[in-house]
Q: 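Starting off with a structure, shown below.
By convention in this document, chain letters (A, B, ...) are assigned in the order of the sequence lines, proteins followed by strands, and residues within each chain are numbered from 1. Hydrogens, waters and symmetry mates are skipped; everything else that's a heavy atom, side chains included, is used.
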Protein chains: 2
Amino acid sequence: MSTRSVTTAIRVLEAVAELQPVGLSELARAVDVPKATVQRVLVTLEELQWIERAKRDGGKWSIAVHAYAVTSRGSSGSRIRDVAIGPLSALQLETGETIHLAVPDELRMVVIERLDTPHVLRAFLALGSRIPMHASATGLAFLAYSSDEFVSVYLQHPLGASTPDTMVDPQEVRAELQVIRSRGYSINPGGLSSGITAIGAALISRELGPVGSISVSGPSSRITPDKFEEYGTAVAATARQISMALPG
Amino acid sequence: MSTRSVTTAIRVLEAVAELQPVGLSELARAVDVPKATVQRVLVTLEELQWIERAKRDGGKWSIAVHAYAVTSRGSSGSRIRDVAIGPLSALQLETGETIHLAVPDELRMVVIERLDTPHVLRAFLALGSRIPMHASATGLAFLAYSSDEFVSVYLQHPLGASTPDTMVDPQEVRAELQVIRSRGYSINPGGLSSGITAIGAALISRELGPVGSISVSGPSSRITPDKFEEYGTAVAATARQISMALPG
DNA sequence: GCCGATGGTTCATTAGATGGACCACTGTTG
DNA sequence: CAACAGTGGTCCATCTAATGAACCATCGGC
C-alpha cells in the first residue's frame with residue numbers, strides 16, 4: 001500500500017531509540033528483518049545524521065542529537081505549550097513547586113514542559129519522559145476526561161506498578177477516575193515515585209476533548225493533605241484557563 | 001548507494017519539521033520531489049504516527065508528539081544530561097538564574113535541558129531551540145574549545161545577527177574565543193536576545209573534546225558586570241565537575 | 001581447534017518506488 | 001462568470017532500487 005522501505009526504516013529507528021546503544025544483530029532480531037536490510041537502513045540513517053555509532057563499545061548505535069533537534073522543533077504539543085507557558089509560569093510562582101505539562105502518546109504521557117521549584121528538594125522528571133497514565137497525576141487527570149472506549153482499552157493492558165503505591169487494579173482506577181471527575185483534579189501520592197506527591201488537571205479542547213494535562217508536584221513532606229484542596233483548585237483553575245485559550 | 005526512498009522520506013520529515021504547519025505542494029517544492037512521491041511519504045509517516053494533519057486549516061502537516069517521544073528517549077545527549085542534571089541543579093540553586101544545557105548539532109547549539117529560575121522575569125529558551133554558536137554563551141564556549149579546523153569552517157559561513165549586539169565579524173569572534181580560553185568562561189551580553197545576558201562554559205570529554213556546554217542566563221538588569229566573575233567561576237567549576245563525570 | 005556470536009558484503013530477483021499526467025476542488029481576478 | 005492559478009489527491013506503465021539468502025571475516029570463550 002505504501003513505501004515499505006520507509007516503514008521498516010522508521011521501525012528500525014524506533015528500535016534504536018528503545019534499545020540504544022544497540023548492535024546490528026540485536027536490532028535485526030527486534031524488528032524481525034534480515035540483517036542485510038537493517039544494515040543498509042542503518043548506514044542511510046547515519047548519513048542523514050539521525051543515528052550515530054559509538055566510537056568504542058563495538059560501534060553500537062544510538063539516536064543522534066540531530067534527530068532530537070528536528071522533532072523537538074515544534075511538535076504538535078508546541079501550540080499547547082505556547083498558550084500554556086504563561087499560566088503555568090503563574091502557577092509555578094503561586095505554588096512554588098515543580099510544574100509539569102504532559103501530552104498523551106499512545107498509552108503514555110510525555111512530559112513536554114517543566115517549570116522548576118526553587119526548593120532544594122525537587123521533584124524531577126526529565127523532559128521527554130514517558131510515564132504510565134495510571135501511575136501519574138497527569139495521566140489520571142487525562143484518563144478521567146477521556147472516552148469510555150479509550151479508558152477500557154487502556155485498562156485492558158497490564159497495569160505496571162512504578163512504586164508499591166501505584167494503583168494496579170482496573171476497578172480501583174475506574175473508581176478513582178470518578179472521584180477525579182467530581183473533584184476536578186487528580187491526586188497521586190507516591191504512585192509514580194516514592195515520596196513524591198502530585199496534583200493534576202486535564203487540558204480539554206472543546207473540539208478535541210482532552211489533549212494533555214498539567215500537574216504540580218513535590219516531596220510528600222511538603223505537599224501534605226492539608227494543601228491538596230488549595231493546590232487542587234489552583235491547578236484546576238489554571239487548566240481551565242489554558243483550555244479556553246487552546247486553538248481548537 | 002543506499003535506500004533512496006528512505007532518504008527522501010527523512011528529507012520530507014525534516015521539511016515538515018521546519019515548515020510546519022505545511023501543505024503538500026509547498027513541501028514538494030521545498031524538497032524538490034514530485035507531489036505524488038511526497039504524498040505517499042506523508043501518508044506513510046502519518047500511519048507511523050510521526051506526523052499528523054491539522055483537523056481544520058486545510059489539513060496541513062505537522063510533526064506529531066510520537067516523533068518527539070521517540071527521539072527524546074535518550075538521544076546521545078542523554079548520557080550527558082544524566083550526569084549533568086545534578087550539578088546543574090546545584091548551580092541553579094546557587095545562582096538562582098536559568099540554566100541551559102546545550103549540545104552541538106551541525107552549526108547550531110541545541111538546548112536539551114533547562115532549569116529555570118523562580119523569578120518573574122525569566123530568560124526563556126524552549127527545549128529543542130537551535131541557536132547560532134557565535135551568538136550564544138553556550139556556543140561561544142563550545143567554539144573556544146573546538147579544533148581550529150572546526151572554528152575556521154564555522155566562521156566561513158555568514159554570521160547572522162540575532163540582535164544588534166551580536167558579534168558578526170569573524171576576527172572579533174576569534175579574539176573573543178581567545179579571551180574565553182584564558183578566562184575559562186564565556187560572557188554574552190545581549191548577543192542572542194536583547195536584554196538577556198548569559199555566561200557559559202564548555203563540557204569537555206577527555207577523549208572526544210568539547211561535547212556541549214552549559215550557561216546561566218537572566219535579564220541584563222540582574223546579571224550585571226559585577227556578577228560576571230562570581231557566576232563565571234561557578235559555571236566553569238560546574239562544567240569541570242560534569243566534564244570529569246562524563247563517560248568518555 | 002571448534003563453536004556461536006558478532007558486523008559486514010554480495011548479487012540475482014522482482015517487488016515496489018517513481019513521477020508524469022490527470023482529476024476535482026477552491027479562491028481570486030479581470 | 002469564465003479563465004486561471006492555486007490547492008490536495010489518484011493512477012499506472014516503467015524500470016529503478018530494495019530485498020534477503022548466502023556468504024565472509026572477526027572476535028571471545030571453553
Side-chain angles (χ1 to χ4, degrees), chain A residues 1-64 67 74 76 207-208 247-248, chain B residues 1-64 67 74 76 207 247:
Chain A
M1 165 177 34
S2 55
T3 54
R4 198 157 80 96
S5 61
V6 172
T7 305
T8 65
I10 296 287
R11 286 183 56 216
V12 167
L13 186 61
E14 296 193 357
V16 171
E18 193 166 355
L19 304 170
Q20 66 184 317
V22 62
L24 170 63
S25 304
E26 189 181 351
L27 273 173
R29 248 177 286 119
V31 191
D32 194 29
V33 160
K35 275 196 308 178
T37 302
V38 174
Q39 166 74 357
R40 252 175 307 110
V41 170
L42 288 174
V43 171
T44 305
L45 290 176
E46 184 187 28
E47 285 171 3
L48 293 165
Q49 312 265 354
W50 275 62
I51 62 175
E52 59 193 6
R53 60 201 326 152
K55 293 84 198 163
R56 55 199 324 138
D57 196 23
K60 289 182 183 296
W61 298 94
S62 310
I63 300 287
S76 88
E207 295 194 354
L208 308 173
Chain B
M1 166 178 34
S2 56
T3 54
R4 200 157 79 96
S5 62
V6 172
T7 305
T8 64
I10 296 287
R11 285 184 56 216
V12 168
L13 185 61
E14 297 193 355
V16 170
E18 193 166 355
L19 305 170
Q20 67 182 315
V22 63
L24 169 63
S25 304
E26 189 181 350
L27 273 173
R29 250 177 285 120
V31 288
D32 194 28
V33 160
K35 274 195 309 178
T37 303
V38 174
Q39 166 73 359
R40 251 175 308 111
V41 170
L42 288 174
V43 170
T44 305
L45 290 176
E46 184 187 27
E47 285 171 3
L48 294 165
Q49 311 265 355
W50 275 63
I51 61 176
E52 60 194 6
R53 59 196 332 147
K55 294 84 200 164
R56 56 204 320 139
D57 196 23
K60 290 183 182 296
W61 297 95
S62 310
I63 300 288
S76 86
E207 294 196 355

Q: Have A/Trp61 and A/Glu26 got a donor and an acceptor in their side chains that come within less than 3.5 Å?
A: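 Judged by distance alone, the side chains do not pair up.
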Q: Between D/dT26 atom C1' and A/Leu24 atom CG, what is the distance in whole Å?
A: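 Taking atom C1' of D/dT26 as the reference, CG of A/Leu24 is at 14 Å.
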Q: Check this one for me: any side-chain N or O of A/Gln39 less than 4.0 Å away from OP1 or OP2 of C/dT9?
A: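 Yes, within the criterion.
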Q: With heavy-atom distances below 4.5 Å as the criterion, would you say the side chains of A/Val16 and A/Leu42 are in contact?
A: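 A side-chain contact exists here, since the closest heavy-atom pair is under 4.5 Å.
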Q: State whether the side chain of A/Gln20 and the backbone N or O of A/Ala17 hold a donor-acceptor pair below 3.5 Å, judged by distance alone.
A: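 Here the side-chain-to-backbone pair exists.
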Q: Is there side-chain contact between B/Thr3 and A/Leu45, with heavy atoms separated by less than 4.5 Å?
A: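 In short, these two side chains do not touch, never coming nearer than 4.5 Å.
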Q: Is the shortest heavy-atom distance from the side chain of B/Thr8 to the side chain of A/Val6 under 4.5 Å?
A: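 SC-SC contact between B/Thr8 and A/Val6 ruled out.
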Q: Could you write out each protein N or O paired with an N or O of nucleotides 18-20 of chain C at a distance under 3.5 Å?
A:
from	atom 1	to	atom 2	distance (Å)
C/dT18	OP2	B/Arg40	NH1	3.3

Q: Please report the distance, rounded to the nearest Å, between CD in B/Glu26 and P in D/dG6.
A: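 In whole Å, D/dG6 P lies 13 Å from B/Glu26 CD.
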Q: What integer distance in Å separates B/Lys60:NZ from D/dG9:P?
A: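 After rounding, the gap between these two atoms is 11 Å.
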Q: Rounding to an integer number of Å, can you tell me how far A/Arg53 CZ sits from C/dT6 C1'?
A: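 Whole-Å distance recorded here is 13 Å.
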Q: For A/Lys35 and D/dC24, give me the distance from atom NZ to atom C1', rounded to whole Å.
A: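 The distance from NZ of A/Lys35 to C1' of D/dC24 comes to 10 Å, rounded to the nearest Å.
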Q: If you compare every side-chain N and O of B/Arg29 against the phosphate oxygens of D/dT7 (OP1, OP2), does one of them come in below 4.0 Å?
A: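 Answer yes for this pair, as a side-chain N or O of B/Arg29 is under 4.0 Å from OP1 or OP2.
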Q: In whole angstrom, what separates A/Leu42's CG from C/dG7's P?
A: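 Rounded to the whole Å, the gap is 10 Å.
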Q: Report the residue from B/Arg29, B/Lys60, B/Gln39 that forms a side-chain contact (heavy atoms from CB on, under 4.5 Å) with B/Leu24.
A: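 So the option named by the test is B/Gln39.
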Q: Rounded to whole Å, please give me the gap between CD1 in A/Ile10 and P in D/dA18.
A: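 Rounded to whole Å, this separation is 15 Å.
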Q: Separation of A/Arg11 atom CZ from D/dA18 atom P, in whole Å?
A: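 Nearest whole value for this atom pair: 18 Å.
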